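To start, the structure under review is shown below, and the notes come after it.
In this text the structure is predicted, and so the values were computed from the model without any measurement.
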Amino acid sequence: MKRILETAVCAAALVVLGGCDSEEPGVKVFSSQESIQGRSITGWTESWFRWTFDVPAHQNPALLLEADCGIGQDTPVFFVPMYDGDTTYQRTCRVPATKPVLVPLWAIINDHPCPDPDFQPAPGQTLEDFLTQGALDFNAGFRDLRVTVDGEVIDPSSHRHTTGMFHFTADPSLVGKLPDPCLQGTSQPGVSDGWWLMLSLPPGDHVVRVTGVSPSSDSIDYTYNLSVSR
């Protein structure tokens, strides 16, 4: 298993921080069932991985904490990048106004093929089921996930997204640099599982903080400082 980098107002299906009576728009946390530009949030997590793997190593925010978060982004959703260099970090991103923001809390991708010849589906098992089960089994070891948005506690339990099998292509420069021994630098299938928030953020500065304990028992503590343009 590979950790990558290791997603009327005040309706019941969403959370609006700052209350319903504020004249200024508040922070909206989209429910996991909502769609953005006609696409599910789970679908946008697939695009997040495709974008992450598409950026060359010398510019990739997964490898460089100081890299531009917006490098190579041209979709209707802004992708906040994770950083793979440490389990505790702070990252600052400038976010375009009006774009929904996809924040990874903890997410992994289980991809194929791998150098290990035993990393194969069991007889009669589909590749998609094999990759899905592996991702779910790995993330079963994650515990104590906690997240706040601008100091307000958000329950992440309803924000888990497991994709179907999708294809991506990693830039060849990432092979051997990201901690995924299965990266090929060519098109390959994968299944992702993890916890994500899709947010609508008004102009100004916002802070998303994520803590927890990874399946390998590492304490994680990520702070995303998100500055939304006016």
Side-chain angles (χ1 to χ4, degrees), residues 1-7 15 17 27 29 44-45 48-49 51-53 55-73 77-95 101-111 135-162 170 173-174 176-183 192-199 201 204-228:
M1 182 57 57
K2 295 77 59 183
R3 173 187 163 227
I4 294 301
L5 332 169
E6 292 171 13
T7 216
V15 176
L17 308 186
V27 173
V29 182
W44 285 112
T45 69
W48 184 95
F49 275 101
W51 163 72
T52 294
F53 286 126
V55 180
H58 72 283
Q59 297 175 298
N60 197 302
L63 298 172
L64 303 168
L65 192 57
E66 68 278 10
D68 178 7
C69 297
I71 185 74
Q73 297 206 37
V77 170
F78 184 85
F79 300 140
V80 173
M82 295 184 78
Y83 172 60
D84 200 59
D86 204 345
T87 58
T88 298
Y89 63 84
Q90 292 197 36
R91 157 157 274 157
T92 298
C93 297
R94 286 193 286 267
V95 180
V101 180
L102 183 61
V103 183
L105 309 179
W106 173 269
I108 58 119
I109 187 168
N110 197 18
D111 46 339
L136 294 175
D137 288 348
F138 182 79
N139 272 346
F142 193 92
R143 62 189 189 275
D144 299 333
L145 178 61
R146 294 180 174 87
V147 58
T148 60
V149 179
D150 292 346
E152 299 285 339
V153 176
I154 303 297
D155 180 3
S157 61
S158 61
H159 296 280
R160 186 172 184 172
H161 294 272
T162 306
S173 66
L174 300 176
K177 292 187 177 179
L178 288 177
D180 182 348
C182 300
L183 288 185
S192 169
D193 175 66
W195 294 263
W196 307 73
L197 289 184
M198 184 73 82
L199 305 174
L201 300 174
D205 295 330
H206 304 277
V207 178
V208 178
R209 187 177 179 196
V210 184
T211 61
V213 180
S214 76
S216 55
S217 297
D218 294 318
S219 294
I220 69 163
D221 190 340
Y222 312 146
T223 299
Y224 299 112
N225 300 301
L226 307 177
S227 181
V228 181

*Is the closest side-chain heavy-atom distance between Pro61 and Ile71 below 4.5 Å?*
yes
_Minimum side-chain heavy-atom gap Asn110-Phe138 below 4.5 Å_ = no
_Determine whether Trp106 and Asn139 satisfy the following criterion, side-chain hydrogen bond (donor to acceptor under 3.5 Å, both in side chains), listing intermediate values before the conclusion._
CA-CA 9 Å; Trp106 173 269; Asn139 272 346; 2.8 Å; yes
*What closest approach, in Å, do Lys177 and Ala57 show between heavy atoms, and which atom pair accounts for it?*
CD-CB, 3.9 Å
*Output yes when a side-chain donor or acceptor of Asp193 lies under 3.5 Å from a complementary backbone atom of Ile109, and no otherwise.*
no
*Are the side chains of His206 and Cys93 in touch, meaning some heavy atoms are under 4.5 Å apart?*
no
_Close side-chain approach of Val149 and Leu197, heavy atoms under 4.5 Å_ = yes
*Taking all heavy atoms of Leu174 and all of Leu183, pick out the closest pair and write down the distance.*
O-CD1, 4.2 Å
*For Asp144 and Gly212, indicate whether the former's side chain and the latter's backbone hold a donor-acceptor pair under 3.5 Å.*
no
*Show your working on side-chain hydrogen bond (donor to acceptor under 3.5 Å, both in side chains) between Thr88 and Asp86 and close with a plain yes or no.*
CA-CA 5 Å; Thr88 298; Asp86 204 345; 5.2 Å; no
_Minimal non-hydrogen separation, Trp195 against Pro156, with atom names_ = CD1-O, 3.4 Å
*Would a 4.5 Å heavy-atom cut-off, applied to side chains only, mark Val77 and Met198 as touching?*
yes
*Would you say Leu226 and Asp205 make side-chain contact, with heavy atoms under 4.5 Å?*
no
*Where the side chain of Arg91 meets the backbone of Met82, is there a donor-acceptor pair that is under 3.5 Å apart?*
yes
*Got a second to check how far Arg94's CZ is from Asn225's CG, nearest 0.5 Å?*
12.5 Å
*Is the backbone N or O of Phe78 less than 3.5 Å from a side-chain atom of Trp48, with the two atoms forming a donor-acceptor pair by type?*
no
*Contact check, side chains of Trp51 and Pro81, non-hydrogen atoms, under 4.5 Å*: yes
*Check for a donor-acceptor pair, side chain of Thr87 on one end and backbone N or O of Ser219 on the other, with a separation under 3.5 Å.*
yes
_Donor-acceptor contact below 3.5 Å, side chain Asp84 vs main chain Leu63_ = no
_Whether the side chain of Thr148 engages the backbone of Glu152 through a donor-acceptor N/O pair (distance < 3.5 Å, no angle test) should be reported._
no
*Working to the nearest 0.5 Å, report the span between CG of Asp155 and CG of Leu145.*
9.0 Å
*asked:* On a heavy-atom basis, which atom in Ala67 and which in Gln59 lie closest, and how many Å separate them?
replied: CB-O, 3.5 Å
*Counting distance only, does the side-chain N/O of Thr211 pair as donor-acceptor with the main-chain N or O of Ile220 below 3.5 Å?*
no
*asked:* Please determine whether side chain to side chain contact (heavy atoms under 4.5 Å, CB included) holds for the pair Phe79 and Thr52, giving the CA-CA distance in whole Å, both sets of side-chain angles, and the decisive distance to 0.1 Å.
replied: CA-CA 9 Å; Phe79 300 140; Thr52 294; over 6 Å; no
_Intermediate values then yes/no, side-chain hydrogen bond (donor to acceptor under 3.5 Å, both in side chains), Tyr224 and Tyr89_ = CA-CA 9 Å; Tyr224 299 112; Tyr89 63 84; 2.8 Å; yes
*Of Val27, Val101, Leu199, the residue whose pairing with Val208 passes side-chain contact (heavy atoms from CB on, under 4.5 Å)*: Leu199
*Spell out, as yes or no, whether a donor-acceptor pair under 3.5 Å connects the side chain of Thr223 to the backbone of Arg209.*
no
*Do Asp221 and Gln90 have side-chain heavy atoms sitting under 4.5 Å apart?*
no
*Do you know which two heavy atoms are closest between Tyr83 and Ala62, and how far apart they sit?*
CD1-O, 3.5 Å
*Would you confirm whether Tyr222, through its side chain, and Leu105, through its main-chain N or O, come within 3.5 Å as a donor-acceptor pair?*
no
*Could you tell me the separation between the CG atom of Asp111 and the OG atom of Ser192, rounded to the nearest 0.5 Å?*
10.5 Å
